[in-house]
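Contents: one structure, followed by commentary.
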There are 2 protein chains.
Amino acid sequence: MEKIKVMLIEDHNVFREGLKKLIDLEENMAVVAEANTYQQALQNINDNVDVTLLDINLPDGDGLDLCTKFKKQYPHIKHVALTTYDDAIFIKKAMECGVDGFVPKHAFFDEIKAAILMTYKGRSYLYPGLSTDTIIHLSEPGLTESELNILQLLASGKNQKEIAGQLYISLSTFRRRVKSIFKKLKVGTIEEALTVAIKKGLIH
Amino acid sequence: MEKIKVMLIEDHNVFREGLKKLIDLEENMAVVAEANTYQQALQNINDNVDVTLLDINLPDGDGLDLCTKFKKQYPHIKHVALTTYDDAIFIKKAMECGVDGFVPKHAFFDEIKAAILMTYKGRSYLYPGLSTDTIIHLSEPGLTESELNILQLLASGKNQKEIAGQLYISLSTFRRRVKSIFKKLKVGTIEEALTVAIKKGLIH
DNA sequence: ACCGGGGTGACACATTTGTGTCACCCCGGT
DNA sequence: ACCGGGGTGACACAAATGTGTCACCCCGGT
């Protein structure tokens with residue numbers, strides 16, 4: 001039987017090494033490529049790969065962007081997203097980027113194995129341990145690009161006037177957006193919104 | 001030769017499984033205990049353990065507290081802290097808690113192996129890949145307990161008046177503390193301070 | 001053409017936040 | 001006893017922030 005050829009994209013070296021070992025010990029799969037940054041992933045990807053296991057939080061870029069790019073250039077490759085966060089907003093975003101499987105890092109290897117197998121066979125895989133709570137929230141509205149932008153700029157220490165200027169919107173609109181963020185994240189202050197956003201990996 | 005008996009304390013299951021595999025494949029070490037939460041770690045620790053590899057960010061508590069506790073009850077056990085963050089403030093705090101070795105998760109397994117060996121032999125191990133920049137900042141003042149408290153409460157969505165009341169300090173003192181936080185973290189807004197603090201793992 | 005929803009900007013207003021100043025207290029060094 | 005530093009609280013004031021209201025524009029459906 002042909003082995004499933006896996007590519008690992010993950011910046012935590014120990015984690016990647018351990019994962020590689022576990023996969024290589026499996027009879028029906030093998031790691032054929034690795035990358036620990038966004039840039040390296042672009043270089044090391046090749047036609048030979050069947051499935052990628054990709055960490056979404058890379059130091060030099062968003063793993064989901066990577067997925068979008070790969071989908072165009074190598075449409076036959078399947079992608080399993082691997083992440084610390086299992087929030088609804090996040091899963092939704094992953095799905096929109098064409099991810100085939102989604103597994104949080106707190107899962108067991110068996111589940112990653114299952115995800116690789118399933119996606120390889122052309123089906124999609126959603127981590128079964130996801131709380132029903134999370135599933136229910138899947139239909140919740142995600143933050144818009146502009147809203148994420150605002151959070152990112154707030155996180156960098158800019159004040160509201162500066163940000164509004166930079167985004168070419170009025171202070172009024174800015175504040176409307178912030179209000180909208182509050183409602184979507186169910187928080188009451190910018191501080192809390194930032195905390196939640198960072199924890200969910202929405203901004204970096 | 002006697003094998004070094006290692007305990008893994010890490011909440012990311014896949015990571016722990018991979019690490020266990022890597023360690024067990026080594027000739028001179030073996031995993032004899034595991035835990036994926038703070039509580040479990042307290043239960044599963046035993047006299048038989050030589051070295052613990054402990055993740056600092058556990059879902060139900062601070063891994064460094066764990067270290068402090070272990071030091072009292074099992075003074076012979078060595079501890080290697082494993083963490084995503086390699087910031088100066090963090091390393092300093094780890095050292096104060098009696099950690100014997102410090103390795104960031106982006107390190108390679110070889111470095112973890114070295115840390116286990118070194119600490120087992122009674123020496124201390126500071127990850128050699130730490131930037132000189134980080135080392136230089138080691139002497140920088142860390143945030144006080146009260147300052148961390150303030151950040152934590154701000155992160156939870158409380159406003160300044162509420163927090164001052166809760167901490168039994170006046171608004172004046174509160175604001176003085178915030179100013180102090182700004183200076184120490186080299187930021188200009190609370191938003192930025194929170195972002196930095198979360199990224200450095202100072203608050204959760 | 002008309003209407004209504006959704007997004008925008010201007011403005012007003014109360015509240016919160018950031019900054020500085022003053023006075024006080026405690027404590028260790030002179 | 002005196003002084004000075006460090007921490008505290010009260011207050012004042014400017015600036016930023018949060019909230020609501022109004023008017024406007026665009027666009028798709030009726």
Side-chain angles (χ1 to χ4, degrees), chain A residues 89 92-93 96 137-200 202-203, chain B residues 89 92-93 96 137 139-200 202-204:
Chain A
I89 292 178
K92 198 177 171 192
K93 196 177 160 200
E96 287 167 3
H137 291 131
L138 261 185
S139 57
E140 278 184 13
L143 269 61
T144 68
E145 207 53 46
S146 157
E147 287 165 350
L148 288 176
N149 232 322
I150 286 175
L151 283 176
Q152 190 70 64
L153 290 169
L154 282 170
S156 74
K158 298 202 194 316
N159 66 21
Q160 304 191 353
K161 216 196 311 182
E162 287 172 329
I163 298 176
Q166 190 166 336
L167 297 179
Y168 301 106
I169 58 178
S170 75
L171 212 47
S172 298
T173 300
F174 174 89
R175 290 174 174 165
R176 223 188 311 279
R177 301 263 171 87
V178 172
K179 234 174 162 43
S180 163
I181 293 175
F182 285 1
K183 204 178 349 178
K184 286 183 184 173
L185 295 185
K186 298 191 182 63
V187 297
T189 64
I190 290 186
E191 289 80 6
E192 196 180 359
L194 276 172
T195 309
V196 171
I198 295 177
K199 280 186 189 161
K200 292 195 176 188
L202 297 173
I203 59 174
Chain B
I89 293 178
K92 198 177 170 194
K93 196 176 159 200
E96 286 166 4
H137 290 130
S139 57
E140 277 184 14
L143 270 59
T144 67
E145 206 53 45
S146 156
E147 287 164 351
L148 288 176
N149 232 322
I150 286 174
L151 283 176
Q152 189 70 64
L153 290 169
L154 281 170
S156 74
K158 298 201 195 313
N159 67 20
Q160 304 190 353
K161 215 196 309 183
E162 286 172 331
I163 298 176
Q166 191 167 335
L167 297 180
Y168 302 106
I169 58 178
S170 74
L171 212 48
S172 299
T173 301
F174 174 89
R175 290 175 174 164
R176 222 189 310 279
R177 300 264 170 86
V178 172
K179 237 174 157 47
S180 163
I181 293 175
F182 285 1
K183 204 181 344 182
K184 286 184 185 173
L185 295 185
K186 298 192 181 62
V187 298
T189 64
I190 290 185
E191 289 80 7
E192 197 180 358
L194 276 172
T195 309
V196 171
I198 295 176
K199 280 185 188 161
K200 292 195 175 187
L202 297 173
I203 60 174
H204 306 291

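The basis for the numbers below is simple: all heavy atoms, side chains too, and nothing from hydrogens, waters or symmetry mates. No experiment lies behind these values; they were computed from the predicted model shown. We name chains A, B, ... by the order of the sequence lines, and we start the count at 1 in each one.
Looking only at distances, no side-chain donor or acceptor of B/S180 sits under 3.5 Å from a matching main-chain atom of B/R176.
The minimum heavy-atom distance linking B/F182 with B/G188 is given by the pair CE2-O, 3.6 Å. Nearest heavy-atom pair across B/E147 and B/L143 is OE1-CA, 3.3 Å.
Applying the 3.5 Å distance criterion, the base of C/dG9 shares no donor-acceptor pair with the side chain of A/R175.
When the side-chain nitrogen and oxygen atoms of A/R176 are compared with OP1 and OP2 of C/dG6, none of them lie within a distance under 4.0 Å. Distances shorter than 4.0 Å separate some side-chain N or O of A/S170 from OP1 or OP2 on C/dG9.
Rounding to the nearest 0.5 Å places CD of A/Q152 at 9.0 Å from CG of A/L194. Atom CD1 of B/I150 sits about 7.0 Å away from atom CD1 of B/I163, to the nearest 0.5 Å.
Counting to the nearest Å, the P atom of D/dG7 and the NZ atom of B/K179 are 15 Å from each other. If you measure from atom CG of B/L171 to atom P of C/dG20, you get 16 Å, rounded to the nearest angstrom. Atom CZ in A/F182 sits about 12 Å away from atom P in D/dG20, given to the nearest Å. Summarising the geometry, the separation between CD1 on A/I181 and C1' on D/dT19 is reported as 16 Å, rounded to the nearest angstrom. In this structure, B/L154 places its CG atom 13 Å from C1' of C/dT16, rounding to the nearest Å. Atom CZ of B/F174 and atom C1' of C/dT19 are 14 Å apart (whole Å). The separation between A/L153 atom CG and D/dT17 atom P is 13 Å, rounded to whole Å. Spacing between atom CD of A/Q160 and atom P of C/dG18 amounts to 11 Å, rounded to whole angstrom units.
Take the nearest nucleotide of DNA chain C for A/E191 and for A/T173: the residue whose nucleotide is more 5' is A/T173.
Looking only at side-chain heavy atoms (C-beta outward), A/I190 and B/I190 stay at 4.5 Å or farther from each other. No side-chain heavy atom of A/L167 sits under 4.5 Å from any side-chain heavy atom of A/R177.
Note on A/I190: only backbone sugar-phosphate atoms sit closer than 4.0 angstrom, heavy atoms only; bases stay farther off.
In DNA chain C, the stems built from three or more successive Watson-Crick or G-U pairs (distances below 3.5 Å) are C:1-30 with D:1-30.
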